[in-house]
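As structure tokens, the structure follows; a few thoughts come after it.
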Amino acid sequence: MLAASTAMPLHAFNFGTSKKLKIVLVGTGIRGTGFWGQRLVEEYSDILEFVGLCDINPSRLEYGKKYIGVTCPTFTDFEKMVNDTKPELVIVTTKDSTHHEYVIKGLEMGCDVLTEKPMTTDETKCQAILDAEKKSDKNLIVGFNYRWSPYATKVKELLMKKSIGKLVSVDFHWYLNTYHGASYFRRWHGNMKSGGSLWVHKASHHFDLLNWWIDSEPSEVFAYGDLEFYGKNGPFKGDNCRTCDHQKECDFYWDITKDKHMMDLYVDHEKEDGYIRDNCLFRDDIDIYDKMSAQVKYADNTVLNYSLTTYSPYEGWRVALNGTEGRIEAWQDIPYFKNETIDEAEKHAKEMDQGGKDEISYEPVILHKLWNEHETVQVALEKSGHGGGDKRLHDKIFKNPGTKDEFGRTAGIRDGAMAILIGIGARRSIESGKPIKIGDLTDLDPMVKRG
Ligand SMILES: NC(=O)c1ccc[n+]([C@@H]2O[C@H](COP(=O)([O-])OP(=O)(O)OC[C@H]3O[C@@H](n4cnc5c(N)ncnc54)[C@H](O)[C@@H]3O)[C@@H](O)[C@H]2O)c1
């Protein structure tokens, strides 16, 4: 039994030897049909097969089945799907606030479960997942792809080698641009009850990276946040971009009709569930934050300064890690640091692309030792699929589960929980005006060193 373990023993799945791994997937949206659907079929059909697909929207489900390229049965009832098809692995790619239902049911029904990040959206659901995993002899993997990019891995390697001595503090700032940042406010992510706010939906990626780099668990968080740009702050509003009277004057006008896949995946099925993909990002019911800033203290006394911006002119991030013997500086996509000519929409499309046409670039990490000149470490990486993280995550799970994980990149339930608990704590801190102890949110006690 591997209750609440940090490292997921992927070899426990016994993939790819004599028979194909039987998979079902719930949530046939963009991530489910693309990264966890079509890509798995194209790359791993010799070792796995889809035996069922499920979604609450029956017509999106049928389109998703065609897009993924499978012939398996489809279901709107998850339990029926699992009972009828007897899968070994359940993949959960639904809206964030519903992950817990399928994670818990999947484990209870005797399946291994792989969920997209975030593991869930609040502390009560998080505890329910922890309890279900303890009772089960099956495993839960959380799909943290950022860890798998060679760039993030190089930072981890430098820290593991103690290149800057003992780590004491970290500055981490992520800038979402007016294309990608805005996209969250167009759909369910804009409502706290669906995505837990970007503190959880988006920042859980960042907090997972930070927890992994820092190699300790968060113990306390204090945060500020506000909604000052999107939602009720907009100069005008409409029902959605397609029908809006303000198309000409709105900088955020987005013509979804020009994107066939978006039309086929979302617009064609919106009558069934009211899911409007090109919704107005100035609608009044948006209740998440669009500026976020937090201080996090770790159990080993490392201090983190974090911020997330959602309407930056460019998309990028920067981190500085300060140690007793030096400092590491790393960044991606800051346009002034190199000659970037690609536009912001194209950059996002490349980031999400799973096409496999790898364009290699070299990105610097700066290692600065006290009293010495700095050193530039060049890291080769792909532009597609989250800096090459996506395909490495897939290979590790499905193709090479037994290979040594020397950087500890595999994420299990405890990692999934720690990544969301910082964001959940940040929300509670903004609501109460007080620092929040991570240990008060669930029964997990933050460890000085990650297990
Ligand atoms: N790791 C990454 O980089 C990454 C990137 C994109 C999305 N994601 C994650 O993938 C998940 C899906 O995101 P998306 O962008 O594909 O969203 P989406 O809106 O395109 O798809 C969600 C799908 O879930 C279905 N759904 C909603 N509620 C459901 C329920 N109760 N039961 C069954 N199905 C339900 C919807 O009908 C829809 O088809 C999210 O959790 C998101 O955080 C991760």
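Residue numbers start at 1 and run along the sequence shown. Whatever order the structure lists ligands and atoms in, that order sets their numbers, starting from 1.
- Annotation: Arg31 places an N or O atom under 3.5 Å from an N or O atom of ligand 1; distance criterion only.
- Every atom of ligand 1 is numbered from 1 in the order shown, and the set under 4.0 Å from a heavy atom of Asn145 is 1 (N), 2 (C), 3 (O).
- Residue Pro118 approaches ligand 1 through these ligand atoms, each under 4.0 Å from one of its heavy atoms: 43 (O).
- Between the side chains of Asp290 and Thr310, no donor-acceptor pair is found at a separation under 3.5 Å.
- Applying the 4.0 Å criterion to heavy atoms of Thr28 picks out, from ligand 1, the atoms 39 (O).
- No heavy atom of Phe78 sits closer than 4.0 Å to any atom of ligand 1.
- Those atoms of ligand 1 that come under 4.0 Å of a heavy atom in Ile30, given as number and element, are 14 (P), 15 (O), 16 (O), 20 (O).
- Note: an N/O pair closer than 3.5 Å links Asp55 and ligand 1 by distance alone.
- Not a single heavy atom of Arg277 lies less than 4.0 angstrom from ligand 1.
- Using 4.0 Å as the threshold, Phe35 has no heavy atom nearer than that to any atom of ligand 1.
- Classification of Glu363 and Lys154 as a salt-bridged pair fails, no side-chain N sitting under 4.0 Å from a carboxylate O.
- The shell of residues lying under 4.0 angstrom from ligand 1, judged by heavy atoms, excludes His269.
- By the 6.0 Å and 45° rule, Arg31 stacks over the aromatic ring of Phe35.
- By the 4.0 Å heavy-atom criterion, His205 is counted among the residues contacting ligand 1.
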Should Glu43 and Lys391 be marked as a side chain to side chain contact (heavy atoms under 4.5 Å, CB included) after you check the CA-CA gap, both sets of side-chain angles, and the distance that decides it?
CA-CA 10 Å; Glu43 300 288 325; Lys391 72 173 186 194; over 6 Å; no
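- Atoms of ligand 1 found under 4.0 Å from any heavy atom of Tyr266, numbered from 1 in the order shown, are 18 (P), 20 (O).
- When each atom of ligand 1 is checked for a heavy atom of Gly27 under 4.0 Å away, the hits are 24 (O).
- Two rings, from Tyr314 and Trp331, have their centers 6.0 Å or more apart.
- Contact analysis leaves Phe144 out of contact with ligand 1, as no non-hydrogen atom separation drops below 4.0 angstrom.
- There is a side-chain donor-acceptor pair under 3.5 Å between His206 and Tyr306.
- Geometrically, ligand 1 and Glu101 share no nitrogen or oxygen pair separated by less than 3.5 Å.
- Looking at ligand 1, you won't find any N or O of Tyr146 less than 3.5 Å from one of its N or O atoms.
- Other residues, nucleotides and ligands place no more than 12 heavy atoms under 6.0 Å from the CG atom of Asp239.
- In this structure, Tyr311 and Phe229 have parallel ring planes: the angle between them is below the 30° cut-off, well short of the 60° mark.
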